[in-house]
Amino acid sequence: MKLFEKIKSNKEREIRFLGLSIAQYGKKEENGAKITYFDLFPKSFEHKIFDKILSILDKNNDYVIFTRAQGIGETYLLSLFVDEIIKKNKVKNICIITNRLILIDVWKMFQPQIPIHFISNISQKELNIILRKQKNKYKNKILYFHQMMIKDAVNLLENYRNNINVEPYPDTLRKYAKCTNYRVIKPVFSKDDMEAINSLNLKLNKFVFFNIEANYIKKLPDTFWENLTAKFREINYDIFINTKDGVSNYGISANLSIPQAVYLASKSKLIVSMRSGFVELLSQFDMPKHILYTPEIYKNTSAKKLMNPYSLKHYPGVNSNTIYEYDMDNEKFQNVIENILSTLEAK
């Protein structure tokens with residue numbers, strides 16, 4: 001523990017002595033007005049976050065998991081080992097909290113019986129800067145933050161970039177949570193989600209599902225998707241293009257929720273997807289799944305290095321014979337297209 005420490009949160013600062021908050025100062029907003037302040041012996045930034053979380057809980061909740069991860073894949077994996085957390089910690093009344101609305105849809109597909117609530121007044125930046133421990137005891141409740149503290153996540157990505165101690169990411173995440181096993185859970189869909197796809201102008205008995213976007217890796221050129229979709233049209237297949245805004249120049253698209261898109265994908269003859277968290281939600285399906293890797297956006301980590309830890313073949317409940325993965329930096333696009341078509345014919 002450091003003797004003195006300065007914690008930053010937006011335009012505010014906190015001075016700690018032996019881990020205790022002794023002063024806070026800076027600029028903040030109160031009742032719509034910006035004020036400059038200096039407080040002695042205040043409640044810590046961390047405890048202020050905890051109080052915000054507790055304010056929306058049922059008083060009976062004894063264990064709270066805050067899904068602070070940016071990606072939906074981490075929430076999916078959490079849903080597969082949360083039962084072990086409950087059993088190991090003898091949890092009586094668990095609750096999930098998130099500051100990302102999209103994660104609610106993911107959670108309800110795989111753990112609909114565990115309540116999840118949205119909190120809007122805690123930013124991702126606050127969590128990354130202020131949080132120091134993954135598991136915290138506060139006011140007789142356990143607050144667990146999923147997936148990793150920011151420093152651990154940064155170190156892990158550096159290891160991936162440098163090929164140091166690389167193991168499958170699902171194993172890393174499970175071990176970080178001190179869990180031993182994943183439980184394979186099939187997604188659950190509401191009647192409304194299942195009925196939503198009937199309104200699409202799509203041959204539901206003869207279509208392929210493409211997921212062309214990813215937040216973490218670089219885009220593929222338009223020509224790849226144009227050539228791929230042209231090949232499927234030649235054999236009279238419809239093509240559904242999954243996008244954030246429901247608009248695409250390559251095929252049929254619609255503004256679907258996460259569960260609706262997952263359900264639609266489950267009805268397809270074949271899936272082609274950029275490597276993203278979304279494709280993890282499709283990993284247990286039986287049709288051929290072609291996963292495309294490109295370099296990381298932020299530090300240009302190669303596709304090959306990303307394939308080592310993030311291969312979908314490492315994920316729970318996956319039939320590896322249905323997974324085809326490509327380093328798009330070192331593959332000829334035409335060869336990839338031909339291989340995708342060949343698996344459709346084999347099926």
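If you read the sequence from its start, that first residue is 1, and numbering goes on from there. If you're wondering where the values come from, they're calculated on a predicted model, not measured in any experiment.
Formation of a donor-acceptor pair under 3.5 Å by the Gln24 side chain with backbone atoms of Lys43 is found in this model. Arg13 places no side-chain N or O within 3.5 Å of a backbone atom of Lys8 that could act as its donor or acceptor partner. Put simply, the side chain of Ser311 never gets that close to the backbone of Met307: no donor and acceptor are under 3.5 Å apart. Counting only distance, with no hydrogens or angles, the side chain of Asn89 and the backbone of Ile85 share a donor-acceptor pair below 3.5 Å. A donor-acceptor pair is defined here as one N or O able to donate and one able to accept, closer than 3.5 Å; no such pair exists between the side chain of His117 and the backbone of Ile96. Between the Gln284 side chain and the Ile185 main chain, a donor and an acceptor come within less than 3.5 Å of each other. Remark: the backbone N or O of Met287 is paired with a side-chain donor or acceptor of Lys289 at under 3.5 angstrom. Side-chain atoms of Trp225 never come within 3.5 Å of backbone atoms of Phe210 as a donor-acceptor pair (strictly under, hydrogens ignored). Glu280 contributes no side-chain N or O that, together with a main-chain N or O of Leu312, makes up a donor-acceptor pair within less than 3.5 Å. Between the side chain of Gln260 and the backbone N or O of Ser257 there is at least one donor-acceptor pair closer than 3.5 Å.
A distance below 6.0 Å separates the ring centres of His47 and Tyr138. Ring centers of Tyr76 and Phe110: under 6.0 Å apart, within the cut-off. Separation of the Tyr182 and Phe81 ring centroids falls under the 6.0 Å cut-off.
In this structure Arg132 satisfies the side chain to side chain contact (heavy atoms under 4.5 Å, CB included) test together with Glu5, Ile7, Arg16, Glu46, sequence neighbours excluded.
Comment: Lys139 engages Asp51 in a salt bridge, judged by a side-chain N to carboxylate O separation of less than 4.0 angstrom. Between Asp83 and Arg183, at least one side-chain nitrogen of the basic residue sits less than 4.0 Å from a carboxylate oxygen of the acidic one, meeting the salt-bridge criterion. Electrostatic pairing of Glu296 and Lys218 does not count as a salt bridge here, judged by no charged N lying under 4.0 Å from a carboxylate O. Under 4.0 Å is where a charged nitrogen must lie from a carboxylate oxygen, and between Asp62 and Lys141 no such pair does.
Counting non-hydrogen atoms of other residues, nucleotides and ligands closer than 6.0 Å to CG of Asn249 gives a total of 12 or fewer. For Lys203, the NZ atom is densely surrounded, since the number of other residues' heavy atoms within 6.0 Å is greater than 12.
Between the side chains of Ser190 and Asp192, no donor-acceptor pair of N or O atoms lies under 3.5 Å. For the residue pair Asp152 and Tyr176, a side-chain donor N or O sits within less than 3.5 Å of a side-chain acceptor on the partner. Looking only at atom types and distance, the side chain of Asn61 has no donor-acceptor partner in the side chain of Asp58 under 3.5 Å away. Between the side chains of Tyr293 and Asp329, no donor-acceptor pair of N or O atoms lies under 3.5 Å. Between the side chains of Tyr144 and Asn136, not a single donor N or O lies within less than 3.5 Å of an accepting N or O. A donor-acceptor contact under 3.5 angstrom links the side chains of Glu167 and Thr172, judged on distance only.
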Please assess Arg161 against Glu158 for the test salt bridge (Lys or Arg N to Asp or Glu O under 4.0 Å), listing each intermediate value before the final yes or no.
CA-CA 5 Å; Arg161 292 172 185 129; Glu158 282 302 313; 2.7 Å; yes
Under the side-chain contact (heavy atoms from CB on, under 4.5 Å) criterion, do Phe232 and Leu270 qualify, and how do the steps go?
CA-CA 11 Å; Phe232 278 99; Leu270 178 148; 4.2 Å; yes
Would you check, one step at a time, whether the test side chain to side chain donor-acceptor pair (under 3.5 Å) holds for Thr243 with Glu213?
CA-CA 7 Å; Thr243 62; Glu213 298 173 341; 4.8 Å; no
Walk me through whether Val272 and Ile212 qualify under side-chain contact (heavy atoms from CB on, under 4.5 Å).
CA-CA 8 Å; Val272 182; Ile212 67 173; over 6 Å; no
Using the side chain to side chain donor-acceptor pair (under 3.5 Å) rule, take Thr322 and Asn319 through it: C-alpha gap first, then chi angles, then the decisive distance, then the call.
CA-CA 6 Å; Thr322 67; Asn319 178 356; 5.1 Å; no
Kindly indicate, with the supporting measurements, whether the criterion side-chain contact (heavy atoms from CB on, under 4.5 Å) is fulfilled by Leu131 and Phe50.
CA-CA 10 Å; Leu131 290 182; Phe50 296 167; 4.2 Å; yes
Would Phe66 and Val64 count as a side-chain contact (heavy atoms from CB on, under 4.5 Å) here? Give the steps.
CA-CA 6 Å; Phe66 195 115; Val64 182; 5.6 Å; no
Working note: Arg174 + Glu84, criterion salt bridge (Lys or Arg N to Asp or Glu O under 4.0 Å); need CA distance, chi angles, decisive distance, verdict.
CA-CA 10 Å; Arg174 174 182 53 76; Glu84 184 174 339; over 6 Å; no
Could you walk me through whether Asn128 and Arg68 satisfy the side chain to side chain donor-acceptor pair (under 3.5 Å) test, starting with their C-alpha distance in whole Å, then the side-chain angles of each, then the deciding distance to 0.1 Å, before giving a yes or no?
CA-CA 9 Å; Asn128 289 343; Arg68 58 176 293 277; 2.4 Å; yes
Would you sort out whether Thr343 and His290 count as a side chain to side chain donor-acceptor pair (under 3.5 Å), showing the intermediate values?
CA-CA 9 Å; Thr343 62; His290 297 267; 2.7 Å; yes
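Note that the CG atom of Leu127 and the CD1 atom of Ile49 stand 5.5 Å from one another [nearest 0.5 Å]. With rounding to the nearest 0.5 Å, the separation of OG1 in Thr75 from CG in Leu80 is 11.0 Å. In this structure, Ile271 CD1 and Ile340 CD1 are separated by 12.0 Å, a value rounded to the nearest 0.5 Å. Here Thr67 contributes atom OG1 and Ile116 contributes atom CD1; the two are 5.0 Å apart, rounded to the nearest 0.5 Å. A distance of 4.0 Å separates CZ of Phe207 from CG of Leu264, quoted to the nearest 0.5 Å. A distance of 6.5 Å separates OG of Ser276 from CD1 of Ile72, quoted to the nearest 0.5 Å.
Relative orientation of the Tyr310 and Tyr216 rings is perpendicular, given thresholds of 30° and 60° on the angle between their planes. Taking the six-membered ring for Trp and thresholds of 30 and 60 degrees, Tyr160 and Tyr169 have ring planes more than 60 degrees apart, a perpendicular arrangement.
For the residue pair Ile102 and Ile258, the shortest heavy atom distance occurs at CG1-CG1, 3.6 Å. Summarising the geometry of Gly251 relative to Ile241, their closest heavy-atom pair is N-CG1, 3.5 Å, with the distance given to 0.1 Å. Looking at every heavy atom in both residues, Phe38 comes nearest to Ala23 through CZ-CB, 4.1 Å. Scanning both residues, Asn215 and Tyr298, for their nearest heavy atoms gives O-OH, 4.0 Å. Annotation for Pro170 and Leu77: closest pair CA-CD1, 4.1 Å, computed over non-hydrogen atoms. Shortest non-hydrogen contact noted between Asn300 and Pro295 is OD1-CB, 3.5 Å.
Taking hydrophobic clusters as Ile, Leu, Val, Met, Phe, Trp and Tyr residues chained together by side-chain heavy-atom distances below 4.5 Å, Ile252 shares a cluster with Leu204. Taking hydrophobic clusters as Ile, Leu, Val, Met, Phe, Trp and Tyr residues chained together by side-chain heavy-atom distances below 4.5 Å, Leu101 shares a cluster with Phe278. Linking Ile, Leu, Val, Met, Phe, Trp and Tyr whenever their side-chain heavy atoms come within less than 4.5 Å puts Phe118 and Leu78 in one cluster.
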